[in-house]
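For clarity, every value in this text was computed on a predicted model and none was experimentally measured.
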Amino acid sequence: MNKKELTEADIRTKFITPAIVGPNGSKWNVMTQLREEIYFTKGRVIVRGKTVKRGEAKKADYILYLKPGLPIAVIEAKDNTHTLGAGMQQALEYAEILDLPFAYSSNGDAFLEHDRTGAAGAVEREIALDQFPSPDDLRARYSQAKGYTAAQQTVTTQDYYDDGSGKAPRYYQLIAINRTVEAIVKGENRILLVMATGTGKTYTAFQIIWRLWKSGAKKRILFLVDRNILADQTKTNDFKPFGQAMTKISNRTVDKAFEIYLSLYQAVTGTEDEQNIFKQFSPDFFDLVIVDECHRGSAADDANWRKVLEYFSSATQIGMTATPKETMAVSNIEYFGDPIYTYSLKQGISDGFLAPYKVVRIGLDKDLDGWRPEDGQKDKYGQLIEDREYNDRDFDRNLILEKRTAVVAAKVTEFLKATSRYAKTIIFCEN
């Protein structure tokens with residue numbers, strides 16, 4: 001057989017896959033530890049006029065997993081007319097994106113390995129075709145580079161939740177989850193994750209909690225949100241697998257018999273000390289507190305969320321936000337530290353998980369010309385309206401023009417009818 005005449009697909013099938021799997025499947029399990037030709041982005045959504053198509057998605061030739069949810073290596077293959085290391089640049093690019101410690105290139109003659117763990121020794125080395133490292137080899141090298149004890153390694157390799165439906169975290173969610181679990185194992189107690197709106201923060205939080213809870217690293221957990229609908233959706237959707245171990249704090253009452261607690265921060269705080277329901281728990285009751293949308297003032301010294309966080313200061317605390325807030329009064333970075341992972345709106349659009357946007361400006365008469373009340377005009381509650389010129393800086397902040405709101409809603413509806421009326425849509429309101 002002349003290797004030079006074989007296609008890349010032939011090289012993978014005849015040489016690379018058998019070398020990875022080993023004799024009789026003795027190394028990597030082809031069903032649970034090896035994925036071939038795997039797309040890990042969706043391809044940017046490209047809009048031209050009214051036509052929509054997708055750009056090219058990123059695809060790795062192989063991704064190797066210690067177990068589902070724990071990727072550890074990427075392999076790029078080339079046909080035999082290329083050199084052994086011809087795929088290394090692409091392998092390293094993908095390893096960087098996917099946060100993987102090992103990258104390999106092969107043309108079917110051998111493997112070129114690039115070790116990204118920072119461990120002592122040669123960064124790149126050539127490996128004979130029949131000497132490809134086993135999962136235990138890579139796990140041991142990675143754990144040694146991280147300095148994990150056996151107990152820490154048990155937590156970092158805890159299974160993900162899998163209901164058998166085929167739903168799996170996206171690559172950036174895996175990075176956020178795995179980095180968070182590893183940071184907690186290493187003793188970090190204040191963690192910030194930045195993930196753009198629409199990228200699945202709640203599902204990410206669920207898998208973090210699930211793995212820490214199932215491993216026994218964290219036994220009692222509080223998940224704080226700022227809107228009731230978020231708490232209800234979380235309980236019935238992403239957090240449903242917690243079942244009877246979970247409760248939602250409501251009616252300002254506390255039951256200490258559960259392990260997973262969902263709550264609005266308004267449900268456990270108040271202006272008077274006796275309204276601070278969270279103080280019915282002992283300060284060390286929770287092992288883990290996660291604050292969703294922590295940019296909403298939770299880090300301000302006078303914010304109610306800050307009171308909760310300081311009361312449970314012995315717990316590991318994770319802040320999750322789409323928009324880190326840095327002002328004179330509020331700083332999540334000052335409280336939580338620099339983000340351990342950021343998945344930005346720009347990256348989400350580039351990967352195709354989020355839609356791109358364009359600004360459509362519609363000039364309403366009151367926005368363009370301003371508005372002034374008639375002499376002695378009162379609002380719907382009978383209050384006298386201050387006599388001055390109002391403009392778009394005031395609307396929906398200091399003054400609500402209900403007919404203006406109706407016109408805006410009609411324009412949004414008109415736009416949706418012209419595109420896709422029932423497409424998933426998000427509308428940002430002033431309050």
Side-chain angles (χ1 to χ4, degrees), residues 1-44 46 54-66 70-139 141-142 145 170-172 174-175 347 350-352:
M1 181 186 298
N2 186 350
K3 277 189 185 178
K4 301 294 183 186
E5 296 176 356
L6 298 178
T7 65
E8 181 186 306
D10 287 329
I11 292 294
R12 288 201 309 265
T13 302
K14 294 175 169 38
F15 297 97
I16 298 177
T17 300
I20 297 168
V21 174
N24 302 315
S26 58
K27 290 184 179 178
W28 295 83
N29 186 314
V30 74
M31 299 301 293
T32 60
Q33 295 182 306
L34 183 151
R35 294 190 68 186
E36 190 174 350
E37 292 198 291
I38 173 173
Y39 287 95
F40 57 88
T41 70
K42 294 183 75 173
R44 185 186 181 100
I46 301 168
R54 281 197 182 270
E56 189 175 350
K58 288 186 169 64
K59 178 184 70 173
D61 288 333
Y62 297 88
I63 296 179
L64 302 183
Y65 299 78
L66 295 178
L70 298 176
I72 195 165
V74 61
I75 304 172
E76 283 303 306
K78 296 294 181 185
D79 65 41
N80 203 248
T81 63
H82 289 80
T83 62
L84 182 62
M88 184 54 75
Q89 184 175 350
Q90 191 172 47
L92 287 173
E93 177 191 339
Y94 290 171
E96 178 74 24
I97 294 170
L98 299 171
D99 204 29
L100 303 179
F102 300 100
Y104 296 89
S105 173
S106 179
N107 62 358
D109 289 338
F111 292 94
L112 184 66
E113 177 191 79
H114 189 105
D115 185 336
R116 302 178 67 246
T117 64
V123 172
E124 281 194 356
R125 62 172 180 146
E126 186 174 320
I127 301 172
L129 202 62
D130 62 351
Q131 296 298 310
F132 191 81
S134 69
D136 288 341
D137 292 335
L138 293 190
R139 180 191 286 114
R141 287 166 60 188
Y142 182 67
R170 294 168 173 169
Y171 85 87
Y172 61 85
L174 286 178
I175 297 173
Q347 189 63 50
S350 177
D351 287 344

L174 and P71, any side-chain heavy atoms less than 4.5 Å apart
yes
All pairs passing salt bridge (charged side-chain N to carboxylate O under 4.0 Å, His left out) where residues 74-86 contributes a residue, at least two apart:
none
Between R54 and G43 (side chain of the first, backbone of the second, donor and acceptor by atom type, cut-off under 3.5 Å), is there such a pair?
yes
Rounding to 0.5 Å, atoms CD1 (I20) and CG (L34) come to a distance of 5.5 Å
Restricting to non-hydrogen atoms, name the atom on A86 and the atom on S105 that form the minimum distance, rounded to 0.1 Å.
N-OG, 3.7 Å
Using every non-hydrogen atom in the two residues, find where P133 and E113 come nearest and quote the distance to one decimal.
CG-OE2, 4.1 Å
Begin from the C-alpha positions of Y104 and I127 and carry the test side-chain contact (heavy atoms from CB on, under 4.5 Å) through to its verdict.
CA-CA 10 Å; Y104 296 89; I127 301 172; 4.1 Å; yes
Give a yes or no on whether the backbone of A77 and the side-chain of D61 come within a donor-acceptor separation of less than 3.5 Å.
yes
For the CD1 atom of I97 and the CD atom of Q347, what is their distance to the nearest 0.5 Å?
7.0 Å
Would the distance check show the side chain of K4 and the main-chain N or O of N80 forming a donor-acceptor pair, the cut-off being under 3.5 Å?
yes
Y62 vs I16, test: side-chain contact (heavy atoms from CB on, under 4.5 Å). Steps then yes/no.
CA-CA 10 Å; Y62 297 88; I16 298 177; 3.6 Å; yes
When you measure from the side chain of S106 to the backbone of F111, do you find a donor-acceptor pair of N or O atoms at a distance under 3.5 Å?
no
Just how far is it from atom CG of L84 to atom CG of L112, taken to the nearest 0.5 Å?
5.5 Å
To the nearest 0.5 Å, atom NZ of K59 lies from atom CD1 of I38 at 11.5 Å
Quick one: which residue pairs count as a side-chain hydrogen bond (donor to acceptor under 3.5 Å, both in side chains) with a foot in residues 19-32, not counting sequence neighbours?
none
N/O donor-acceptor pair under 3.5 Å between Q33 side chain and L66 backbone:
yes
Kindly compute the distance separating OH (Y171) from OG1 (T41), expressed to the nearest 0.5 Å.
7.0 Å
Show your reasoning for whether side-chain contact (heavy atoms from CB on, under 4.5 Å) applies to L70 and Y142.
CA-CA 12 Å; L70 298 176; Y142 182 67; over 6 Å; no
When you check the side-chain N and O atoms of S134 and D136, is any donor under 3.5 Å from an acceptor?
no
Heavy atoms of other groups near E93 CD, more than 12 under 6.0 Å
yes
Distance from L92 atom CG to H114 atom NE2, nearest 0.5 Å?
5.0 Å
Applying ring-ring contact (aromatic ring centres under 6.0 Å, His included), run through Y94 and F40 and close with a yes or a no.
CA-CA 10 Å; Y94 290 171; F40 57 88; 5.2 Å; yes
List the steps, then state whether side-chain contact (heavy atoms from CB on, under 4.5 Å) holds for K14 with K3.
CA-CA 10 Å; K14 294 175 169 38; K3 277 189 185 178; over 6 Å; no
Would R125 and D115 pass as an ion pair if we require N to O under 4.0 Å?
no
